[in-house]
S.K.: 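If you scroll down you'll find the structure; I have some questions about it.
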Amino acid sequence: MSNPSEEDFEKVPSTSQPNPKYCSSESSLSDDEREQIEHVLKHGAPSEALTPDSERMVVLGEDMVHSAPGSLVPTGNSSWINRIKTAGASMMGSIRPSSSSQEAIGETERHPKKKWKARLWSTWNNIKYSSTWMSDRTDEYGGEDDVVFLGRRYSTNKDANGVSSGFEDFCSDYYSRLWITYRTDFAPLLNTDTTTDCGWGCMIRTTQMMVAQAIMLNRFGREWRFVRRKRSYVTINGEETDFDREKIKEWMILKLFEDKPSAPLGIHRMVEISAKEKGKKAVGSWYSPSEAVFIMKKALTESISPLTGDTAMYLSIDGRVHIRDIEVETKNWMKTLILVIVVRLGAAELNPIYVPHLMRLFSMESCLGVTGGRPDHSCWFVGFYGDQIIYLDPHVAHEYIPIDMNFNVNMTDNKKPKKCPERSYHCRLLSKMHFLDMDPSCALCFRFESREQFDHDMRQLNLSQFIDIDQGEEHGMKRVRDPLFSVVYGERRRIPSYEREVSESDQQQADKHGFEML
């Protein structure tokens, strides 16, 4: 089992730090805070708020540092940083540009002086969505519970030397998943000046991570682990050769989700598909779980990449999975199936009765996780530890770097080497929250390679009292008390003869209470 290269990181003693608090954009800006902001803009931050060019992270259960010149990180003087973040959020909230409005873009072009607002807003996103503010929760895995992660179970027990090999294997597995987050400075979306999805594209990113996991499984299997490399070539017998075939495949999968118009599953393509229905609101508006999956399904169907040709997606928004529709979608199981079922597991909050159901799903080999999050904060849920659910968070802004396998120039060339893009696609910090903090609106995701695998897993879920199975008029139904969804083996899904349009008042009521109109 391959782990990230140890020479890429430097070990340092673990230090305890208070968790950073997230700022509120509705905070008031006092005169003292305004003076502090102006002082920072003119003279820089005070020395006690900076660390010596380092940022804390975790790899394989160890505290690490890596170069991050001039980065603001939580220190003992956290109150000063919190005041600056609160003041900055209030100031930036008052000048936030409307990226979803074409009229606003035109106004910016007519008034060049307003362009500084867009630039300042971009700078603020880089600060607000920096990985610096991510909490380190590695030290919270020291109990007797096992870690369940995408169908695998890892023990956290330590040996006589105080080392937990199971936990290290979990960290390697977690680190190997593709982490697709906010990006900045990519090509403008549609006919706007918007070059970032910070603040609104989190559900798209969450859906991309889930689909990327399915494609990675198609090509590499579940045992694959990410190996970090510093160069795009390898020297053998004094001669330079390119990446091995496996590394090239890995980068080709990354290019499917690259932030450029030609990427078949990138955000440009997904926004383009969404614009056919949402128009101007496709850029800058938040997407629900079902919207993001529906757009991804269309993008996957229209993709001509050989990496996606053997994959089909089936989306259920009514809690019923029709096996005959799946056979049509997969061409009688000639393609690998990505099954996504949109559900609501409670009214305003997650109903605790569904926690064992979710735990059972995460322990299945066919599980692709759950796309959802907490209110107004999308995440890709991938496992659990005790009563905590583990997730990958897309709310970190990374600069867009073109995915080019020749990211380093020849060593004899005097040009500055290019940045390696793959470093921002793998997360080193472990994140988790309590199950009951989940938003009840989410999407359950699976991957099946055959009808036999599908039947086996659905039968096991039914025997565990987690789903209903409708076997048709001849064999009847096998019902359970609190099902997540139903599997129908009889007729195909019947398309209703009419569609009820959602009124504006209904939509406002749904938005007020956090419901998703299906």
S.K.: Identify, with sequence neighbours excluded, every residue that meets ring-ring contact (aromatic ring centres under 6.0 Å, His included) alongside Phe294.
M.R.: none

S.K.: Does any part of the side chain of Phe435, heavy atoms only, come nearer than 4.5 Å to the side chain of Pro352, both counted from C-beta?
M.R.: no

S.K.: Closer than 3.5 angstrom, by distance alone: can the side chain of Ser176 be matched with the main-chain N or O of Ser172 as a donor-acceptor pair?
M.R.: yes

S.K.: Would you check if the side chain of Gln388 reaches a backbone N or O of Tyr385 as a donor-acceptor pair within less than 3.5 Å?
M.R.: no

S.K.: Who are the salt bridge (Lys or Arg N to Asp or Glu O under 4.0 Å) partners of Lys478, not counting sequence neighbours?
M.R.: none

S.K.: About how many Å separate NE2 of His395 and OG of Ser431, when rounded to the nearest 0.5 Å?
M.R.: 11.5 Å

S.K.: Measuring only between side-chain heavy atoms, which start at C-beta, is Phe220 closer than 4.5 Å to Ile253?
M.R.: yes

S.K.: Taking the side chain as everything from C-beta on, heavy atoms only, tell me whether Thr308 gets closer than 4.5 Å to Leu256.
M.R.: yes

S.K.: Is the NZ or CZ atom of Arg423 positioned over Phe226's six-membered ring, under 6.0 angstrom from the centre and within 45° of the axis?
M.R.: no

S.K.: Please check: side-chain N/O of Trp380 versus main-chain N/O of Leu368, any donor-acceptor pairing under 3.5 Å?
M.R.: yes

S.K.: Is a side-chain donor or acceptor of Arg344 paired with a backbone partner of Ala347 at a separation under 3.5 angstrom?
M.R.: yes

S.K.: Looking only at heavy atoms, what is the nearest atom pair of Gly383 and Ile389, with distance?
M.R.: O-CG1, 3.3 Å

S.K.: Inspect the contact between Lys255 and Glu258 and indicate whether a charged nitrogen and a carboxylate oxygen are less than 4.0 angstrom apart.
M.R.: yes

S.K.: Can you tell me if Asp439 and His377 form a side-chain donor-acceptor pair at under 3.5 Å?
M.R.: no

S.K.: Below 4.5 Å, heavy atoms only, C-beta onward: do Asp145 and Thr156 meet side chain to side chain?
M.R.: no

S.K.: Would you call Lys298 and Glu277 a salt bridge, taking side-chain N to carboxylate O under 4.0 Å as the test?
M.R.: no

S.K.: Please tell me if the side chains of Cys442 and Val343 come closer than 4.5 Å, counting only heavy atoms from C-beta onward.
M.R.: yes

S.K.: Taking side chain as C-beta onward, heavy atoms only, is Leu361 less than 4.5 Å from Leu461?
M.R.: yes

S.K.: If you round to the nearest 0.5 Å, how far is OG of Ser155 from CD of Glu144?
M.R.: 10.0 Å

S.K.: Got a salt bridge between Arg205 and Asp259, using NZ or NE/NH1/NH2 to carboxylate O under 4.0 Å?
M.R.: yes

S.K.: According to side-chain contact (heavy atoms from CB on, under 4.5 Å), who are the partners of Phe448, at least two apart in sequence or on a separate chain?
M.R.: Trp333, Leu337, Leu339, Ser366, Phe446, Gln453, Phe454, Asp457, Met458

S.K.: Do Phe384 and Leu358 pass the side chain to side chain contact (heavy atoms under 4.5 Å, CB included) test, and can you show the C-alpha distance, the side-chain angles, and the key distance before you say yes or no?
M.R.: CA-CA 9 Å; Phe384 68 92; Leu358 294 174; over 6 Å; no

S.K.: Please name all residues satisfying salt bridge (Lys or Arg N to Asp or Glu O under 4.0 Å) with Glu349, sequence neighbours left out, ordered by chain then number.
M.R.: none

S.K.: Can you check whether Leu178 reaches Met209 side chain to side chain, under 4.5 Å on heavy atoms?
M.R.: no

S.K.: Distance only, no hydrogens: is a donor on one side chain within 3.5 Å (strictly under) of an acceptor on the other, for Tyr287 and Thr207?
M.R.: no

S.K.: Does Pro421 reach the side chain of Leu254, with side-chain heavy atoms less than 4.5 Å apart?
M.R.: no

S.K.: With distance as the sole test, does Tyr174 use its side chain to make a donor-acceptor pair with the main-chain N or O of Tyr391 at under 3.5 Å?
M.R.: yes

S.K.: Which pair of non-hydrogen atoms, one from Thr311 and one from Ile338, has the smallest distance, and what is that distance?
M.R.: CG2-CD1, 3.5 Å

S.K.: With sequence neighbours excluded, what pairs up with Arg222 under the side-chain contact (heavy atoms from CB on, under 4.5 Å) test?
M.R.: Phe149, Leu150, Arg152, Asp173, Arg177, Leu217, Arg225, Glu365

S.K.: Looking at CD1 of Ile295 and CG of Leu300, how far apart are the two atoms once the value is rounded to the nearest 0.5 Å?
M.R.: 13.5 Å

S.K.: Could you give the distance from SG (Cys445) to CD (Gln213), rounded to the nearest 0.5 Å?
M.R.: 11.0 Å

S.K.: Decide if atom NZ of Lys276 counts as having more than 12 heavy atoms of other residues, nucleotides or ligands within a radius under 6.0 Å.
M.R.: yes

S.K.: Please work out whether the ring planes of His426 and Trp224 are parallel, tilted or perpendicular, with thresholds of 30° and 60°.
M.R.: tilted

S.K.: Can you pull out every ring pair (Phe, Tyr, Trp, His ring centres under 6.0 Å) where at least one residue sits in residues 338-372? Sequence neighbours excluded, please.
M.R.: Tyr354-His357, His357-Phe466

S.K.: Distance-only, no hydrogens or angles: does the Tyr314 side chain make a donor-acceptor pair with backbone N or O of Ile341 under 3.5 Å?
M.R.: no

S.K.: Can a donor-acceptor pair be found, under 3.5 Å and without considering hydrogens, that links the side chain of Asp393 to the backbone of Cys379?
M.R.: no

S.K.: Looking only at non-hydrogen atoms, find the nearest pair between Ala292 and Met203 and report the distance.
M.R.: CB-CG, 3.5 Å

S.K.: Rounded to the nearest 0.5 Å, how far apart are CG of Leu189 and OG of Ser274?
M.R.: 11.0 Å

S.K.: Kindly give the heavy-atom pair with the smallest separation between Ile267 and Gln208, and that separation in Å.
M.R.: N-NE2, 3.6 Å

S.K.: For Arg374 versus Met433, what's the shortest heavy-atom pair and its separation?
M.R.: NH1-CE, 3.5 Å

S.K.: Under 3.5 Å, side chain of Thr206 to main-chain N/O of Cys202, donor-acceptor pair present?
M.R.: yes

S.K.: Go through Ser424 and Thr181 one step at a time and tell me if the side chain to side chain contact (heavy atoms under 4.5 Å, CB included) criterion holds.
M.R.: CA-CA 8 Å; Ser424 63; Thr181 67; over 6 Å; no

S.K.: Report the C-alpha distance between Ile204 and Ile180 in whole Å, list the side-chain angles of each, state the deciding distance to 0.1 Å, and finish with yes or no for side chain to side chain contact (heavy atoms under 4.5 Å, CB included).
M.R.: CA-CA 9 Å; Ile204 291 178; Ile180 304 178; over 6 Å; no

S.K.: For Asp455, is there an ion pair with Arg451 - N to carboxylate O distance below 4.0 angstrom?
M.R.: yes

S.K.: Does NZ or CZ of Lys260 lie under 6.0 Å from the centre of the six-membered ring of Tyr400, at an angle within 45° of the ring axis?
M.R.: no

S.K.: With rounding to the nearest 0.5 angstrom, report the OG to NZ distance, Ser285 to Lys280.
M.R.: 13.5 Å

S.K.: Under 4.0 Å between a Lys/Arg side-chain N and an Asp/Glu carboxylate O for Arg219 and Asp310?
M.R.: yes

S.K.: With a 3.5 Å distance limit and no angle check, can you tell me whether Thr196 reaches the backbone of Arg183 through a side-chain donor-acceptor pair?
M.R.: yes

S.K.: Run Gln460 and Arg360 through side chain to side chain contact (heavy atoms under 4.5 Å, CB included) and show every step you take.
M.R.: CA-CA 10 Å; Gln460 292 300 317; Arg360 180 68 175 85; 3.8 Å; yes

S.K.: Surrounding NZ of Lys278 (heavy atoms of other residues, nucleotides or ligands, distance under 6.0 Å), is the total greater than 12?
M.R.: yes

S.K.: Hey, does the side chain of Ser378 reach the backbone of Gly372 with a donor-acceptor pair shorter than 3.5 angstrom?
M.R.: yes

S.K.: If you take all heavy atoms of Ile323 and Tyr489, which pair is closest and at what distance?
M.R.: CG2-CA, 3.4 Å

